[in-house]
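Following: one structure in structure tokens, then a few remarks.
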Amino acid sequence: LNMTNLTTFTNSSGTIAMTGTGTLTTNGKTLFNLTTTGSGTITLANTTHTLAGSLNIGTSSIITPGTSTVVMSGPNKTITGGGASTNALYNLQISDDTTLQTNNQEVTNNLTVDNAKTLTVTSVALKLRCVSCAVLTLNGSIVGTGEVNYYTSNAFPSTGTISAKLIFIADSGPFTWIASARTYGGAVEVYSSSGGSTRTLRMGTGGGQTLNFSSSLKINLAAGNAQNVTIDAATNNPTVNVTGDIDFFGPGSGTPIIQ
């Protein structure tokens with residue numbers, strides 16, 4: 001779908017369905033609903049694609065996102081996730097209240113939740129997945145019964161509000177996550193299934209900070225884990241307040257360390 005030659009385009013309540021292989025070039029035009037189906041490869045042009053409606057990513061669709069940005073601009077709309085790394089988005093911007101539903105969704109670069117807007121994650125996972133490049137800009141709120149999987153070494157932001165479950169997780173290698181000074185409204189979990197590399201969640205970005213955990217703080221020694229997993233409050237010596245349980249669980253070996 002190439003909208004380069006359109007001088008005027010007015011979206012109403014229609015749906016554009018991409019069912020095969022092709023490239024989406026919106027050329028600054030705002031679409032309403034966008035649906036992908038089938039097993040074709042859909043390339044998103046390296047620009048901003050704005051949706052006033054909902055986004056439905058088919059589980060069999062393959063998305064080549066390039067360096068594109070998808071902006072959700074309509075109130076109370078939904079993203080039906082694709083559920084796989086093969087249909088990840090590059091940048092995702094939540095510019096009005098949006099719900100992620102049905103399947104997981106990966107974002108490999110920047111996730112932005114605008115001021116006073118809410119991203120609701122319902123019983124699925126939003127995966128911010130890139131070791132050093134993924135950045136969460138949280139000026140609004142992330143809520144819901146689902147979870148945020150945080151795969152990046154960039155510090156979790158100190159701004160905005162989060163009450164959804166937050167899981168610090170990594171794909172491979174020794175890894176250190178950073179929990180900024182803020183209130184974590186939902187359960188927080190440090191997950192490791194690593195057979196060969198240690199994992200550490202560092203509390204705070206500097207001295208004199210306070211981190212508040214309104215629910216639990218736990219280490220998950222998942223199947224296959226054989227290495228130490230550390231919650232490190234010794235490096236920056238912040239004040240850490242945990243309302244719920246501090247615990248570890250899981251079938252893996254290795255030693256959970258809280259220092």
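The CG atom of Leu119 sits 12.0 Å away from the CG atom of Asp96 when rounded to the nearest 0.5 Å. Taking CD1 of Ile57 as the reference point, atom CD of Gln105 lies at 4.0 Å (rounded to 0.5 Å). Considering CD1 of Ile258 and CD1 of Ile219, their distance stands at 5.0 Å, rounded to 0.5 Å. Summarising the geometry, atom CG belonging to Leu126 is positioned 8.0 Å from atom CD1 belonging to Ile79; distances are rounded to the nearest 0.5 Å. A distance of 8.5 Å separates CD of Glu106 from OG1 of Thr86, quoted to the nearest 0.5 Å. A distance of 5.5 Å separates CH2 of Trp177 from CZ of Arg199, quoted to the nearest 0.5 Å.
Contact between Gly146 and Ala164 at its shortest, heavy atoms only, is O-CB, 4.0 Å. The shortest heavy-atom contact between Ser68 and Ala45 is CB-O, 3.3 Å. Between Val121 and Ile142, the shortest heavy-atom distance links the atoms CG2-CG2, 4.1 Å. Between Arg182 and Thr161, the shortest heavy-atom contact is NH2-CA, 3.5 Å. Smallest separation of non-hydrogen atoms from Ala187 and Ser216: CB-OG, 3.5 Å. Considering every non-hydrogen atom in both Asn212 and Asn241, the closest pair reads OD1-ND2, 2.8 Å.
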What's the verdict on side-chain hydrogen bond (donor to acceptor under 3.5 Å, both in side chains) for Glu147 and Asn149, showing C-alpha distance, side-chain angles and the deciding distance?
CA-CA 6 Å; Glu147 61 192 43; Asn149 292 176; 3.1 Å; yes
Check the pair Thr198 / Thr230 against side-chain contact (heavy atoms from CB on, under 4.5 Å), numbers first and verdict last.
CA-CA 8 Å; Thr198 59; Thr230 302; over 6 Å; no
Dump the intermediate steps for side-chain contact (heavy atoms from CB on, under 4.5 Å) on Met203 and Leu217, then the final yes or no.
CA-CA 12 Å; Met203 296 292 191; Leu217 175 60; 3.6 Å; yes
Verdict with supporting geometry, Val70 and Leu44, side-chain contact (heavy atoms from CB on, under 4.5 Å):
CA-CA 9 Å; Val70 173; Leu44 302 181; 4.2 Å; yes
Between Asn91 and Thr69, is the side-chain hydrogen bond (donor to acceptor under 3.5 Å, both in side chains) condition met? List the steps.
CA-CA 4 Å; Asn91 297 321; Thr69 298; 3.1 Å; yes
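At least one donor-acceptor pair under 3.5 Å links the side chain of Ser194 to the backbone N or O of Gly196. A donor-acceptor pair is defined here as one N or O able to donate and one able to accept, closer than 3.5 Å; such a pair exists between the side chain of Asp97 and the backbone of Thr118. Listed for the Asn104 side chain is a donor-acceptor partner under 3.5 Å among the backbone atoms of Ala125. With hydrogens and angles disregarded, a donor-acceptor distance shorter than 3.5 Å links the side chain of Thr145 to the backbone of Ser123. Of the possible donor and acceptor atoms, one in the side chain of Asn236 sits under 3.5 Å from a partner among the backbone N and O of Gly204. Asn237 places no side-chain N or O within 3.5 Å of a backbone atom of Gly207 that could act as its donor or acceptor partner. No donor-acceptor distance shorter than 3.5 angstrom exists from the side chain of Thr78 to the backbone of Thr99, with no hydrogens or angles considered. In this structure a side-chain-to-backbone donor-acceptor pair under 3.5 Å is present from Thr159 to Leu138. Judged by distance alone, with hydrogens and angles left aside, the side-chain atoms of Asn87 form a donor-acceptor pair with the main-chain N or O of Ser61 at under 3.5 Å. Not one N or O on the side chain of Lys117 forms a donor-acceptor pair closer than 3.5 Å with the backbone of Asn115.
Residues Phe175 and Ser153 meet the side-chain proximity criterion, which asks for heavy atoms closer than 4.5 Å. Using a 4.5 Å heavy-atom threshold, the side chains of Thr26 and Thr50 count as separate. Annotation: side chain of Gln93 is not in contact with side chain of Thr48 (no heavy-atom distance under 4.5 Å). Looking at Lys127 and Ile169, their side chains never come closer than 4.5 Å, going by heavy atoms from C-beta outward. In this structure the side chain of Asn110 never reaches within 4.5 angstrom of the side chain of Thr137, judged on heavy atoms. In this structure, the side chains of Val229 and Phe248 stay at 4.5 Å or more apart for every pair of heavy atoms. Within the 4.5 Å cutoff, the side chain of Thr80 has no heavy atoms near those of the Ser54 side chain. Side-chain atoms of Met72 and Leu92, non-hydrogen and from C-beta on, do get closer than 4.5 Å to each other.
Note: Phe168 and Tyr150 have perpendicular aromatic rings, judged against thresholds of 30 and 60 degrees for the angle between ring planes.
Cluster annotation: Val107 is connected to Ile94 through the hydrophobic network of ILVMFWY side chains, with a link wherever side-chain heavy atoms come within less than 4.5 Å. Hydrophobic clustering (ILVMFWY, side-chain heavy atoms < 4.5 Å, transitive): Leu24 and Ile62 are in distinct clusters. Hydrophobic clustering, with ILVMFWY side chains joined whenever heavy atoms are under 4.5 angstrom apart, keeps Ile167 apart from Phe156. Cluster annotation: Ile162 and Leu128 are assigned to the same hydrophobic cluster (Ile/Leu/Val/Met/Phe/Trp/Tyr, side-chain heavy-atom contacts under 4.5 Å, transitive). In the hydrophobic clustering of ILVMFWY residues, with side-chain heavy atoms under 4.5 Å counting as a link, Leu89 and Val131 come out together.
Of the residues Thr152, Asn109, Thr108, Asp171, the one that meets the side chain to side chain donor-acceptor pair (under 3.5 Å) test with Arg129 is Asp171.
In summary, Lys218 and Asp247 do not engage in a salt bridge, as defined by a charged side-chain N under 4.0 Å from a carboxylate O.
For the residue pair Asn225 and Ser192, a side-chain donor N or O sits within less than 3.5 Å of a side-chain acceptor on the partner. Between the side chains of Asp114 and Ser95, at least one donor N or O sits under 3.5 Å from an acceptor N or O. Side-chain contact annotation: Thr205 with Ser180, donor-acceptor N/O pair under 3.5 Å absent. Between the side chains of Asn33 and Thr15, at least one donor N or O sits under 3.5 Å from an acceptor N or O.
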